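Below is one structure; the comments refer to it alone.
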Amino acid sequence: MNFSQIGWLLTQWYQSHSRDLPWRASKDPYRIWISEVMLQQTRVETVIPYYARWMAAFPDLESLSKAGEQEVLQLWEGLGYYSRARNLVKAACVLMAEYQGKFPDTVRELKKLPGVGEYMAGALASIAYGRDEIALDGNGLRVIARLVEYSAPINTQISKQEIGGIMRQMLTPGSAGDFNQAIMDLGSLICTPKNPLCANCPLHSKCRAFLQGKPEAYPIKARKTPIPHYVVVAAVIRVGNKVLIDKRKADGLLGGLWEFPGGKVEAGEDLPGALKREILEELGVSLIVEDEIGHYKHAYTHYRVTVHVFTGRIPQGEPRALEADEIRWVEISELEGFPMGKVDRLISRALA
DNA sequence: AAAACGTGGGC
DNA sequence: TGCCCAAGTTT
């Protein structure tokens, strides 16, 4: 297969079919960086309003480097994968302190920044700096897997190297940025996971999967492990107009976000019993469990939960942050100002 | 190297 | 409803 010709066809196609997206208006590496981080595992339509708010709040590297974690998480709330937001601030600080406020322009240096991996480094080097580097994402994997009928699972290190090797042969020297964005736009608009629009594809006469009549059979993915389901309890502890929330530790799930205290129900426990145990472990006080005021189902990436929410009161003693970063008593009306994950935000809004 | 890491939309 | 999927990175 003539990969060089295919790359040229893609880049040509992009000239007349590229999407008009806010972050494509300039070559400012900062603007491209923010968009690329937001777009990780996230749809374009979801990102657009977040991107606008972000740029209004943090228009450049310097403003971001001075931002507080809470302020950044608040803007990020709802986008998920919150380590992305924390890493943005870290990287901005590194760039201001060690790179004179300028992005490096090589893949090698870019990859040293927190939150910048293989894909992002290639994207920045090619799109912002015109370097001849590939940026291989999920779209590229799918497009190329179909093109060559790649028969092994694509979610392995080896496959990414092999497909990256093919992509490198396709790359159009001098316009790698357009080439990389072309393959992403093709994957997003034409070569979609379900119901690809092969009739409109500039590559269909060369695509092995299409010629075999089964584009949807590719890419092949290894079967995932089953997703567990947990029952979780949470406490709304009110004193007067205030309610107790805690800030989750910076690492791990929903790191740095606030929540209503609680945790997983263990085997053999009833709901109130589990909640009393969790509050004792987390806050060092006993809890009188009152009424169930709601329940929520939610799916994280690798497990599902049903969260049962109870009101409760602390008969004696002062709660302490034994497992959280911090605890705080806040007015119901102030809850919106504390970044939270989806379930806790639903709970906080139900209280208002 | 496999698992962790969010959320919303489509079917 | 439940599962798949979306411009990946980190440990």
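Fair warning: this is a prediction, and the values are worked out from it, not measured in the lab. Throughout, protein chains are lettered first and strands after them, A, B, ... in sequence-line order, and every chain is numbered starting at 1.
Rounded to whole angstrom, the span from the NE2 atom of A/His229 across to the P atom of C/dT1 amounts to 12 Å. One can place CD of A/Glu216 at 13 Å from C1' of B/dG10, the figure rounded to the nearest angstrom. Between the OH atom of A/Tyr300 and the P atom of B/dT7 there is a distance of 6 Å, given to the nearest Å. Here the C1' atom of nucleotide B/dC5 and the CH2 atom of A/Trp76 are 13 Å apart, to the nearest Å. A straight line from CD of A/Glu45 to P of B/dG9 spans 10 Å, rounded to a whole angstrom. Atom C1' of nucleotide C/dA6 and atom CZ of A/Arg84 are separated by 10 Å, given to the nearest angstrom. The nearest whole Å value for the distance from the CE atom in A/Met167 to the P atom in C/dA7 is 13 Å. Spacing between atom CZ of A/Arg248 and atom C1' of B/dC5 amounts to 11 Å, rounded to whole angstrom units.
Using the six-membered ring where Trp is involved, A/Trp13 and A/His17 have ring planes that are parallel, under 30° apart on the 30 and 60° scheme. Ring-plane geometry between A/Phe210 and A/His204 is classed as parallel, the angle between the planes falling under 30 degrees on a 0 to 90 degree scale with a further cut at 60.
A donor atom on one side chain and an acceptor atom on the other are found under 3.5 Å apart for A/Arg345 and A/Ser348. A side-chain donor-acceptor contact under 3.5 Å links A/Asp60 and A/Ser63. At a cut-off of 3.5 Å, with distance as the only test, no side-chain donor of A/Asn87 or A/Arg84 sits close to an acceptor on the other residue.
Comparing A/Gly78 and A/Asn195 along DNA chain B, the residue whose closest nucleotide (by nearest heavy atom) sits nearer the 5' end is A/Gly78. Judged by closest nucleotide on DNA chain B, A/Gln157 is the one of A/Gln157 and A/Ser83 placed further toward the 5' end.
Here A/Leu254 lies in heavy-atom contact (under 4.0 Å) with sugar-phosphate atoms only. Across all strands, A/Ala299 comes closer than 4.0 Å to base atoms (heavy-atom distances). Among the protein residues, A/Gly140 comes within range of no part of the nucleic acid, since none of its heavy atoms lies under 4.0 Å from any strand. As judged by a 4.0 angstrom heavy-atom cut-off over every strand, A/Trp23 is placed among the base-contacting residues. In this structure, A/Thr46 reaches neither bases nor backbone, as no heavy-atom distance under 4.0 Å exists between it and the strands shown. Residue contacts shown for A/Ile32 are absent, as no nucleic acid heavy atom lies under 4.0 Å away. Heavy atoms of A/Gly255 sit nowhere under 4.0 angstrom from any nucleic acid atom. When heavy atoms are screened at a 4.0 angstrom cut-off, A/Arg345 is found touching no nucleic acid atom at all.
Taking the centre and axis of the six-membered ring of A/Tyr99, the NZ or CZ atom of A/Lys112 falls outside the cone set by 45° and 6.0 Å.
Looking at A/Arg142, its side chain has no donor and acceptor atom pair within 3.5 Å of the base of C/dA6.
Taking the ring centroids of A/His298 and A/Tyr300, they lie under the 6.0 Å cut-off.
Salt-bridge check for A/Arg328 with A/Glu334: failed, with every basic side-chain N at 4.0 Å or more from each acidic carboxylate O.
The phosphate of C/dC3 (OP1 or OP2) has a side-chain N or O of A/Arg304 nearer than 4.0 angstrom. For the pair A/His298 and B/dG6, the criterion of a side-chain N or O lying under 4.0 Å from OP1 or OP2 is not met. Distances shorter than 4.0 Å separate none of the side-chain N or O atoms of A/Tyr303 from OP1 or OP2 on B/dA4. Residue A/Lys194 places no side-chain N or O under 4.0 Å from the OP1 or OP2 atom of C/dC4. One finds no side-chain N or O of A/His302 lying less than 4.0 angstrom from the OP1 or OP2 phosphate oxygen of B/dA3.
Nucleotides C/dT9 and B/dG8 place their P atoms 23 Å apart, quoted to the nearest Å. Between the C1' atoms of C/dC4 and B/dG6, the separation comes to 15 Å (whole Å). Comparing B/dA1 with C/dA6, their C1' atoms are spaced 23 Å from each other, to the whole Å.
By the neighbour-count criterion of 12 heavy atoms within 6.0 Å, atom CD of A/Glu118 is sparsely surrounded, having that number or fewer from other residues, nucleotides or ligands.
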Every protein N/O lying under 3.5 Å from an N/O of nucleotides 8-11 of chain C:
| from | atom 1 | to | atom 2 | distance (Å) |
| --- | --- | --- | --- | --- |
| C/dG8 | OP1 | A/Gly138 | N | 3.2 |
| C/dG8 | OP2 | A/Gln41 | N | 2.7 |
| C/dG8 | OP2 | A/Gln41 | NE2 | 2.9 |
| C/dG8 | N7 | A/Gln41 | NE2 | 3.4 |
| C/dT9 | OP1 | A/Gly117 | N | 3.0 |
| C/dT9 | OP1 | A/Met120 | N | 3.0 |
| C/dT9 | OP2 | A/Tyr119 | N | 3.2 |
| C/dT10 | OP1 | A/Gly115 | N | 2.5 |

